[in-house]
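Some notes on the structure that comes next.
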Number of protein chains: 2
Amino acid sequence: MSLRYGLLGLLAEGAASGYDLARRFQEVLGSVWPAQHPKIYAELNRLAQEGLIEVESEGPRGRKAYRITEEGLVAVRGWLRDTEVDHTLRMQSLLRSFFFWLMEPDDLRRHLDEEARFFAEAAARYEEYAKAKDRGEFGDSPQTRSMRIAIEAGVRLYRTLAEWAEWAKTVPPNSSTTTHS
Amino acid sequence: MSLRYGLLGLLAEGAASGYDLARRFQEVLGSVWPAQHPKIYAELNRLAQEGLIEVESEGPRGRKAYRITEEGLVAVRGWLRDTEVDHTLRMQSLLRSFFFWLMEPDDLRRHLDEEARFFAEAAARYEEYAKAKDRGEFGDSPQTRSMRIAIEAGVRLYRTLAEWAEWAKTVPPNSSTTTHS
DNA sequence: TCCTCACATGTTCTTAGGTACATGTACTTG
DNA sequence: CAAGTACATGTACCTAAGAACATGTGAGGA
């Protein structure tokens with residue numbers, strides 16, 4: 001269901017083709033909600049059938065730009081206002097952490113190094129985005145303000161995860177009955 | 001694939017039945033990796049067929065306790081050591097935040113209040129868990145140490161999300177061209 | 001003894017998600 | 001003008017996930 005409302009939400013910003021949406025999903029929403037083009041085209045056709053979107057224009061190479069309809073807008077708004085948020089984290093990094101005790105200490109250290117590096121880089125990338133937004137590079141529409149909020153979540157979450165991975169490295173793997181040197 | 005290794009990881013701690021595993025998935029891993037019993041029983045049968053687990057004992061009411069095999073251990077360890085981590089966040093809260101601009105300011109404030117409350121409560125719950133572990137209530141096996149690391153991630157992530165939701169409330173929704181009172 | 005609840009394992013069906021396959025067009029550059 | 005790249009949309013197939021349905025047992029209390 002989330003893909004559906006993701007598409008409607010993006011189309012609420014302005015008309016776009018399946019190709020456009022696929023790229024935006026990969027670039028902007030990719031780390032939050034992955035979606036490949038087959039799924040997107042299929043869902044667009046379904047949405048059009050249900051009247052939540054409609055073809056705005058047809059361009060070269062069979063390009064079809066969709067526009068959101070009134071019903072579509074009502075549907076996204078209803079989703080945002082009235083449906084319960086699914087709060088599951090579904091993070092593989094976390095799932096794996098339950099099983100760290102199965103790893104060789106060396107492998108675990110290497111793993112946590114990589115994790116910390118990845119998360120720190122992601123945090124930095126989002127931070128750059130945030131700064132660019134704050135410099136006014138993306139303008140100041142309500143849409144970009146929402147994007148700014150989402151980016152802030154990315155910055156904070158990835159920073160937190162990087163710090164967590166660093167912290168995890170300091171946890172001794174075996175029993176703490178420290179053999180006094 | 002993650003469910004498969006989640007099950008193997010849990011079975012590496014000791015023999016358990018599908019029923020046991022379903023409960024543990026709900027209680028412990030539920031917020032990180034949801035799995036209902038039909039999926040679990042099916043996957044257990046597949047794992048048994050492939051020789052990664054085997055029936056350890058049969059109990060009352062058709063209960064079948066599974067034990068992980070050597071190959072099974074090798075498989076989880078291989079997954080942990082050699083496969084790339086999928087870092088997608090897949091958080092609906094974040095997806096929704098991209099579309100906050102579609103919400104009425106009042107609805108958005110209410111939404112963020114609820115989000116902040118949920119995340120703060122979750123953080124507190126995990127914190128309690130962490131404290132209990134640190135008091136030694138779960139013993140001090142390698143497994144519980146890994147659990148402690150996972151719990152720490154929960155504490156930090158939920159705290160971060162709660163703070164983010166609070167921060168988001170301070171972002172003005174419309175253009176910042178402040179009409180000087 | 002009967003009833004209820006927790007235990008215990010499954011099948012079936014539908015939807016979601018992902019990979020691979022398939023096709024064709026417009027533009028740009030050598 | 002040939003070749004490559006980016007644009008553009010789809011189908012087919014397979015696996016994952018989730019909801020609903022289905023069945024039966026053992027233990028404990030009323």
Side-chain angles (χ1 to χ4, degrees), chain A residues 1-8 10-11 15-27 29-50 53-66 79 83-84 86-92 95, chain B residues 1-8 10-11 15-27 29-50 53-66 79 83-84 86-92 95:
Chain A
M1 278 293 95
S2 290
L3 171 63
R4 143 159 300 208
Y5 296 109
L7 291 172
L8 284 175
L10 289 179
L11 286 173
S17 69
Y19 191 84
D20 297 335
L21 292 165
R23 266 194 326 181
R24 293 192 60 192
F25 248 93
Q26 198 175 11
E27 288 167 13
L29 299 173
S31 50
V32 166
W33 215 269
Q36 288 74 15
H37 74 265
K39 210 83 237 298
I40 290 172
Y41 287 119
E43 189 65 44
L44 284 174
N45 284 327
R46 220 172 308 154
L47 285 166
Q49 239 172 10
E50 293 173 35
I53 62 175
E54 60 193 11
V55 176
E56 181 223 28
S57 65
E58 307 212 7
R61 279 164 292 201
R63 175 192 169 90
K64 277 183 288 180
Y66 291 95
W79 175 65
T83 66
E84 267 202 37
D86 177 2
H87 283 112
T88 43
L89 292 175
R90 219 178 270 263
M91 286 192 54
Q92 216 193 63
L95 180 66
Chain B
M1 278 293 94
S2 289
L3 170 64
R4 142 159 301 206
Y5 296 109
L7 291 171
L8 284 175
L10 288 179
L11 286 173
S17 69
Y19 192 85
D20 296 336
L21 292 164
R23 266 193 325 180
R24 294 193 59 193
F25 249 93
Q26 198 175 11
E27 286 167 13
L29 298 173
S31 51
V32 165
W33 215 270
Q36 288 75 14
H37 74 266
K39 205 93 233 300
I40 290 172
Y41 287 118
E43 189 65 43
L44 285 173
N45 284 327
R46 220 174 306 155
L47 285 166
Q49 239 171 11
E50 293 174 34
I53 61 175
E54 60 193 9
V55 175
E56 182 223 28
S57 64
E58 308 211 6
R61 280 165 290 202
R63 175 192 168 90
K64 277 182 289 180
Y66 290 95
W79 176 67
T83 66
E84 267 202 38
D86 177 2
H87 283 113
T88 42
L89 292 175
R90 220 178 270 263
M91 285 191 56
Q92 217 194 61
L95 180 66

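Below, read A as the first sequence line, B as the second, and so on, with proteins coming before strands; counting in each chain starts at 1.
Residues meeting the side-chain hydrogen bond (donor to acceptor under 3.5 Å, both in side chains) test with B:Ser57, sequence neighbours left out: none. Residues satisfying the ring-ring contact (aromatic ring centres under 6.0 Å, His included) test with A:Phe25, not counting sequence neighbours, are none. With sequence neighbours excluded, no residue forms a salt bridge (charged side-chain N to carboxylate O under 4.0 Å, His left out) with B:Arg61. Annotation: side-chain hydrogen bond (donor to acceptor under 3.5 Å, both in side chains) contacts of B:Gln26 (sequence neighbours excluded): none. In terms of the ring-ring contact (aromatic ring centres under 6.0 Å, His included) criterion, B:Tyr19 has no residue partners (sequence neighbours excluded). B:Glu58 pairs by the side-chain hydrogen bond (donor to acceptor under 3.5 Å, both in side chains) definition with nothing, not counting sequence neighbours. The side-chain hydrogen bond (donor to acceptor under 3.5 Å, both in side chains) test applied to B:Glu56 returns no partner, not counting sequence neighbours. Residues passing the salt bridge (charged side-chain N to carboxylate O under 4.0 Å, His left out) test with B:Arg24 are B:Glu13, sequence neighbours excluded. For B:Trp79, the ring-ring contact (aromatic ring centres under 6.0 Å, His included) criterion is met by B:Tyr5, not counting sequence neighbours.
C:dT9 atom P lies 13 Å from atom CG of B:Leu7, rounded to whole Å. In this structure, B:Phe25 places its CZ atom 11 Å from P of D:dG18, rounding to the nearest Å. Across the protein-nucleic acid pair, B:Gln49 atom CD and C:dG10 atom C1' stand 15 Å apart, rounded to whole Å. If you take CG of A:Leu44 and P of D:dG10, they are 9 Å apart, rounded to a whole angstrom. Counting to the nearest Å, the P atom of D:dA16 and the CG atom of B:Asn45 are 15 Å from each other.
Contact annotation: A:Tyr41 side-chain N/O to D:dG10 OP1/OP2 distance is not under 4.0 Å. One finds a side-chain N or O of B:Tyr19 lying less than 4.0 angstrom from the OP1 or OP2 phosphate oxygen of C:dC7. Considering only side-chain N and O atoms, B:Arg63 lies nowhere under 4.0 angstrom from the phosphate OP1 or OP2 of D:dG26.
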Contact list (N/O, under 3.5 angstrom) for nucleotides 16-22 of chain C vs protein:
{"unit_1": "C:dG18", "atom_1": "OP1", "unit_2": "B:Arg90", "atom_2": "NH2", "d": "3.0"}
{"unit_1": "C:dG18", "atom_1": "OP2", "unit_2": "A:Gln36", "atom_2": "OE1", "d": "3.3"}

I'd like a list of close polar pairs between nucleotides 27-29 of chain C and the protein, N/O only, cut-off under 3.5 Å.
none

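Comparing the local axis fitted to the first five base pairs of the helix from C:dT1-D:dA30 to C:dG30-D:dC1 with the one fitted to its last five gives a bend of 20°, rounded to 10°.
B:Ile53 is not listed as a side-chain neighbour of B:Leu7, based on a closest heavy-atom distance of 4.5 Å or more.
No contact: A:Arg4 has no heavy atom under 4.0 Å from any strand.
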(message) Checking A:Asp20 against A:Leu10 for the side chain to side chain contact (heavy atoms under 4.5 Å, CB included) test, could you report, in this order, the C-alpha distance in whole Å, the side-chain angles of both residues, the deciding distance, and whether it holds?
(response) CA-CA 10 Å; A:Asp20 297 335; A:Leu10 289 179; over 6 Å; no
